[in-house]
Amino acid sequence: MAVCIAVIAKENYPLYIRSVPTQNELKFHYTVHTSLDVVEEKISAVGKSLGDQRELYLGLLYPTEDYKVYGYVTNSKVKFVIVVDSSNTSLRDNEIRSMFRKLHNSFTDVMCNPFHNPGDTIQSKAFDGIVSAMMVQTG
Amino acid sequence: MEKRDGIQRGEASLLDLRSYLFSRQCTLLIFLQRPWEVTQRALDLLHNCVQELRLLEVSVLEGALDCWVFLSCLEVLHRIEGCCDQAQLASNCSHTVGLWAYATDKLKSLGELCGLVSEKGPTSEDLNRTVDLLAGLGDERPETVSSLQSPYKKLKEALSSVEAFERHYLELSHAAMEMYTAIGRLRSARLVGKSLAEFYMRKGDPERAETLLQEALKSYVSEGWSLPVTHTRKQIAECQKLLGRTEDYLQTSALLAGDVNLTTEERKHFCQELLTFAAKSGAPKVTLSMGVFAQLTRLQFHPATASVHSGAVLQVELTLRCLMPVSVHIQQVAASIHFDVDHGGTHGRSKSTQRHRNPATVEFIQANLSAGPPSSSAAGPSLEMDEIQDRSPSDNSLNSTGVVCKNTHLLMRRHDSSSPPDTPNCFSPPAVAMKEGAQMLKVQDVTLEPGNNSITFTAPSGQPGTYTLRQLCAIVGQVQLVLPHIYPSVQYEVYSQEPQLTVEPLSEPLLAGLPQMVKFTLLTGHYAVKKGDALQLSNTDTMPILPSTSCTARITDPTAESVSESVLFIQSSEKVTSISLPPTPPYHTLEFQLEVLCIIPSGTDRPANERLTNGEIRHRPRSYSHPDTPMTAIDQRMSIDCPWSIYSTLLALTFYIPFKTKHSLLSAGNRKYIQVCVHNVSDVNFTLAEMRLSEKPLASLELQSLNAKTQQLLCSKHSVFCLWEVRWKDDLPSCLQCVFSANFSPLKQDVSSFKPFHYQFQFERVTTLYSVRAEILPPAGEQHCRSGFLCGLEVCITRLTEPAEGELAEESKTDTDGPKTTKLMYEVADSSSNWAVCGKSSGMVSMPITANATHKVQIEVMPLFAGHLPFPKIQVLKYLPHTAAVAIQPDPDSCVENDSLSLLDKTLDDQADTASIRSRGSVHSVGSGDQQQKGVAMPRLEPFSPGQVFNHSHARQVLVLPSTDDHIMEVNAT
C-alpha cells in the first residue's frame with residue numbers, strides 16, 4: 001500500500017525512513033525531504049489560526065505523477081510522511097488517517113521505551129513490524 | 001466545440017471527454033474569478049490521466065504523453081496569465097508553481113529522450129524519434145497560430161534544436177526555482193536546482209553545477225539526510241575532479257571513503273584516489289581536516305593522574321577511529337604541545353588539589369559528520385563553565401572570583417560564521433598551521449586499520465609546568481591531516497617538588513606527660529637522600545626524644561608500594577639528636593616513628609630564656625585552652641636541620657594535658673585544710689599514686705594527709721579529691737606556697753611507667769581573723785519562731801587573733817590614737833526569700849584589733865514559711881574608709897563622698913540604701929584611670945579572703961512553726 005514511510009524529527013532530520021526495497025530509495029529520500037516544505041507551510045498556516053486545537057493529519061501534501069505524499073504532524077512537531085503509489089486509486093482518505101494513527105501509536109510506544117534516547121534514530125522491531133505491515137497490506 | 005459535437009455523437013474518447021469537461025470547468029472557474037483552483041484541478045487531472053493511460057495500457061509513442069502533459073501545463077498557465085495581471089500572478093505563484101515544475105520535468109525527460117541533453121548532440125536515432133513526436137503533435141490550433149509564444153511553438157522549437165532546448169529548459173527551470181524560493185519552499189527549489197545541475201553536468205559545465213550542488217548539499221547536511229548527502233557529495237566529487245580542485249576533491253573523497261552509505265567498492269575507490277595523490281611525489285602538499293579521515297575518540301594518560309614529577313615517564317595514548325575502508329599507512333603522527341611554565345610555587349603539597357583536575361581519560365564526543373541526527377551540533381556545544389580565583393601573589397588571599405566559559409571559541413564562532421565548525425565541506429581549507437618550534441609528540445610509521453587504533457606517545461616531561469595538547473597532525477605522503485583543536489582541552493602537568501618533612505601524631509590526641517609516638521614523614525621530592533644524610537633535632541628540655549632500640553624506616557614509591565625497610569640509627573648527644581636516614585631515591589616517601597615525651601609544665605616559675613644549639617631563642621611551650629577539647633593544649637616546637645636546606649625546619653606538635661587541677665582552702669574555726677581536686681579530662685583511664693603535698697619555701701608546717709589510699713583509680717572525665725590538714729606550731733604564715741605532686745600512669749600498666757605530675761599553687765591570707773556566730777531568738781514568751789512573727793537575729797562577730805604586721809599597716813590610717821579599730825560591715829541577706837529582714841539589714845561595726853574583741857548586732861527578721869529554715873546569710877566585709885589625701889581635695893566628687901558618708905552615718909533602715917552605696921562605688925570603679933584613682937579614694941568595701949572569716953552558723957537551720965492552726969484546707973471532691 002504505502003511505498004515509503006518516514007518519521008522526521010522536529011529539527012527535520014530523519015528518525016526513520018523506509019521504502020519498498022524494489023524501488024529507488026534515494027528518490028524517496030528526496031521526495032520526503034521536499035515534502036517537508038509543504039508540511040512546514042501547512043503547519044504555519046494552520047498553527048496561527050487554531051492554536052493547539054489543530055488536527056494532526058495534514059492530508060495530501062502534494063501529488064506527483066507516480067506518488068501521493070501524505071503528511072501528519074504530532075504535537076511535538078514530529079512529522080510522519082507516507083508516500084503512496086498513485087496507481088492505488090482504491091485508497092481512501094480514512095485509511096490514510098488510520099495508518100497515521102497506527103504509526104503515531106507505535107511511535108509513542110517507542111518513545112515510552114526508557115532505553116530509547118529521544119532524538120536518536122528509531123531502531124525498534126515493533127515499529128519496524130507496524131511499518132512493514134503497512135507497506136505490505138495490499139502490495 | 002468539435003469535442004462537444006463528438007460527445008453528442010457518442011464518438012468521443014475518454015480523454016476527449018475529460019479534456020472537454022476540464023475545459024468547461026476552467027471556463028467556469030475563470031468566470032467565477034477563481035483561477036487558482038484551475039491549476040490544482042489541472043495538476044490532478046494530468047496526474048490522473050497519466051496514471052489511467054498507464055493502467056489501461058494504451059499504447060502511445062514514447063514521449064507523446066510527455067508532450068501532451070507539457071503542452072497542457074503550459075496551456076493552462078497561459079490561460080491563467082491571460083486573465084490575471086502580473087502582480088496577482090506573482091503573489092499566487094504557490095498555486096502555479098506545481099504546473100511549472102511539472103512542465104520543467106517533462107521537458108527535461110523529453111530532452112533526454114531526444115538526445116538534446118548530451119554533450120555530443122542527438123544521434124540519428126534520436127532525430128528519428130523527434131520527427132515522430134513532432135509529427136504526432138499535428139497542426140497547431142487555429143486559436144493560437146497568431147501568437148508568437150504559444151506552447152505549441154515552444155515545444156516545437158525546443159525539440160528542433162539543442163540550443164533552443166537549452167534556452168527553454170533553463171527558462172522553465174529558473175522560473176520554477178524562483179517561484180519556489182519566493183514562496184519559501186527552499187527544499188523544492190534546491191531539488192529543481194539539483195536536476196538543473198545534472199543537466200549542466202551532462203552539458204559539460206561542472207562549474208555551474210557545483211554551485212547548485214553545494215547549495216543543495218548544505219541543506220541536506222544541516223538537516224542530516226544522509227542518503228541525499230552521499231548522493232550529492234558524489235556528484236560534487238565528480239564536479240571537483242573535472243574542475244581540477246585537488247584539495248576540495250581530496251576532502252570530498254575522504255568524506256566519501258568514510259561514508260557508510262556507499263558500497264565498499266565505492267569507498268575503496270575514493271580512498272584510493274586519496275592515497276594515489278598522497279603517494280605522488282612532487283605534488284604540492286595538501287592540508288585536510290582530520291575529521292574526515294579519522295576521529296579522535298579517546299585520550300588516556302599513563303599514569304592516570306596526568307601529573308608526573310620532572311624527568312618521569314608520561315605516556316599518552318590516543319585512540320583514533322579510522323574511517324577509511326582500508327588500512328592506511330601514516331608516516332608520522334604528531335601532536336603539538338603548548339607549554340606553560342608554572343608560576344605558582346612548586347611546593348608539592350599545595351598543588352595536589354590542582355593536580356587532580358586533569359582527568360586521566362578524555363573522551364571526545366563526535367558529531368557524526370556525514371550522517372545521522374545533527375542534534376548535537378544543532379543544539380550547539382554545551383557551555384563549559386569553570387571557576388577562576390584570582391589570588392594575590394603575596395599572601396595568597398582571594399582577590400576576586402568568577403566563572404569563565406571555557407569553550408567560548410566554539411560558541412562564538414558558531415554565531416559569527418554561517419558554516420558550523422564541523423561542516424565537513426567547508427571548502428576553504430581549515431586555517432591550519434602547525435606551530436613551528438613548539439614541542440611535539442611524535443610517532444613515526446603508524447598503520448591505521450579501519451576502526452579504532454591506539455597510538456602511544458611518550459610525552460616530554462623536562463621542565464615543570466603545564467602542557468596542553470593543542471593540535472594533532474598526521475602525514476600521509478603529500479597529504480597532511482590536521483585536527484586544528486583538540487577539544488575538550490587536554491593537559492598534563494609536570495611538577496618539581498621540594499623535599500618536605502612532616503611530623504604528625506600517630507594517634508590523636510597527644511597526651512603530655514606520657515611517652516607518645518609521633519610519625520615523621522619525609523617526601524623526598526627532587527632530592528635524593530644519600531648515605532650519611534641525617535636529620536639533626538635540637539633537643540629541648542620540655543620534650544625529650546626517648547631513645548628506642550629498634551626504629552625502622554619505610555620507603556615507599558609514589559604509587560604507594562612499599563619498596564624497602566631499613567633500620568634507623570639514632571644518636572643522641574646533649575644538645576642534638578641525630579637520625580641517620582637510609583638512602584632514598586627522589587619522589588619517594590620515607591616514614592619512621594619516634595617516641596617523645598612532653599613534660600607537663602608544673603607551675604608558674606619559668607627559667608630564663610635559653611638558646612638552642614642553633615642559636616635560636618627557645619620557644620617556650622605556651623599552654624592554652626583549645627576550643628575543641630576541654631584539655632589544655634601545649635604547642636611544642638621542634639627545630640630540625642635537614643641536609644637539603646641550610647635553614648632549620650620548624651615543626652610544631654600539640655600536646656594536651658590530661659588533667660585539670662583545682663585547689664581550695666577549707667577552714668573549721670582556726671583549723672585549716674587544703675583540698676586538691678584532680679580532674680581527668682582526657683579519654684584515658686589513669687592510676688594516680690603517691691599523692692603528696694609539700695609546702696615550698698620553709699617547710700615549717702606539718703601537712704597531715706587525710707587520704708586513705710596510696711593509689712587511686714582516675715577514670716576518664718572523673719575527679720579525685722585529696723585532703724590535707726594544715727598544722728602549725730608558732731604562727732600560721734599569711735601566705736602558703738604548696739606543691740602537689742603525684743605519679744600517674746595509664747591504667748593497667750606496670751609501676752615503671754609511672755610519670756610524675758606536679759601542681760603548684762599558693763594561698764594568701766589564710767589566718768582566720770573573725771568568727772561570726774548567729775542566733776535566732778524566738779519572740780518573747782515563745783519557744784519557737786512562728787512564721788509571720790518577728791524574731792531576733794543576734795550576730796556576734798569575734799576577733800580571733802592578734803593583729804599581724806601587714807594588717808596593722810593597712811589600718812594605721814584610720815585611727816592614730818586609742819585602741820586600733822577596724823571597720824567592718826555586715827550584711828544580712830536572704831537569697832531564698834525565706835526570711836524578711838525588718839529594719840536595717842546591714843551596718844558598720846567598729847572592731848578593736850585585739851584578740852577576743854566581740855561585737856554584737858541585733859537584727860529583726862521574720863520567717864515567711866514554717867519548717868526548718870536555713871539561717872539567713874550573713875556576710876562580713878572590710879570597710880575601707882577614704883584616705884585623707886582625697887578628703888582635702890576640692891573635688892566636685894567630694895560631695896558625693898559626703899553624701900555616701902552621711903548615708904552611712906544615717907541609720908541604714910533599708911536595703912536600698914546599702915545598695916546605693918555599692919552602686920556608687922561601682923560607678924566610680926569603672927571609667928578612666930583618673931576616675932579610678934578617685935574610686936580608690938572613696939570609701940569602699942572589700943571582701944575577706946576565704947578562710948579569714950569563719951561563720952559558725954553557716955548552714956544552720958531553725959525550726960519555724962506555722963503562725964496559727966487556722967489554716968484552711970479546701971478539699972473539693974467531685
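In what follows, every chain begins at residue 1, and chains take the letters A, B, ... in the order their sequences are listed. Since we're looking at a predicted model, the values are computed, not measured.
Remark: B:His47 NE2 to A:Tyr62 OH distance equals 10.0 Å, nearest 0.5 Å. Remark: A:Thr31 OG1 to B:Leu191 CG distance equals 7.5 Å, nearest 0.5 Å.
Within 6.0 Å of atom CZ in B:Arg202, 12 or fewer heavy atoms from other residues, nucleotides or ligands are found, so the atom counts as exposed in its surroundings. Heavy atoms of other residues, nucleotides or ligands lying less than 6.0 angstrom from CD of B:Glu238 number 12 at most.
Between B:Gly224 and A:Pro14, the shortest heavy-atom distance links the atoms O-CD, 3.2 Å. Minimum heavy-atom separation, B:Ser188 to A:Thr34: OG-CG2, 3.1 Å.
B:Leu227 touches chain A through backbone and side chain together, each having a heavy atom under 4.5 Å away. Of the two parts of B:Asp105, neither the backbone nor the side chain holds a non-hydrogen atom closer than 4.5 Å to a non-hydrogen atom of chain A. Neither the backbone nor the side chain of B:Arg190 has a heavy atom closer than 4.5 Å to any heavy atom of chain A. Only the side chain of B:Tyr102 comes within less than 4.5 Å of a heavy atom of chain A; its backbone N, CA, C and O stay farther away.
Contact of the B:His231 side chain with the A:Lys27 side chain is not registered, since no non-hydrogen atoms from C-beta on lie closer than 4.5 Å. For the pair A:Glu11 and B:Glu223, the minimum side-chain heavy-atom distance is 4.5 Å or more. Side-chain contact check for B:Tyr220 versus A:Tyr30: some heavy-atom pair is nearer than 4.5 Å. Put simply, the side chain of A:Leu36 reaches to within 4.5 Å of the side chain of B:Trp225, judged on heavy atoms.
A side-chain donor-acceptor contact under 3.5 Å links B:Gln51 to the backbone of A:Glu65.
Comparing B:Gly98, B:Ala101, B:Ser94, B:Pro228 by how many heavy-atom pairs each has under 4.5 Å with chain A, the most go to B:Pro228. Ranking A:Ile8, A:Ile17, A:Thr64, A:Val32 against chain B, the residue ahead of the rest is A:Thr64, based on heavy-atom pairs under 4.5 Å. Most heavy-atom pairs under 4.5 Å with chain B: of the set A:Asn12, A:Val38, A:Asp66, this distinction falls to A:Asn12. Of the listed residues (A:Ser35, A:Ala9, A:Pro63), the one with the most heavy-atom contacts under 4.5 Å to chain B is A:Pro63.
Taking a cutoff of 4.0 Å between a charged side-chain nitrogen and a carboxylate oxygen, B:Arg185 and A:Glu40 do not qualify as a salt bridge.
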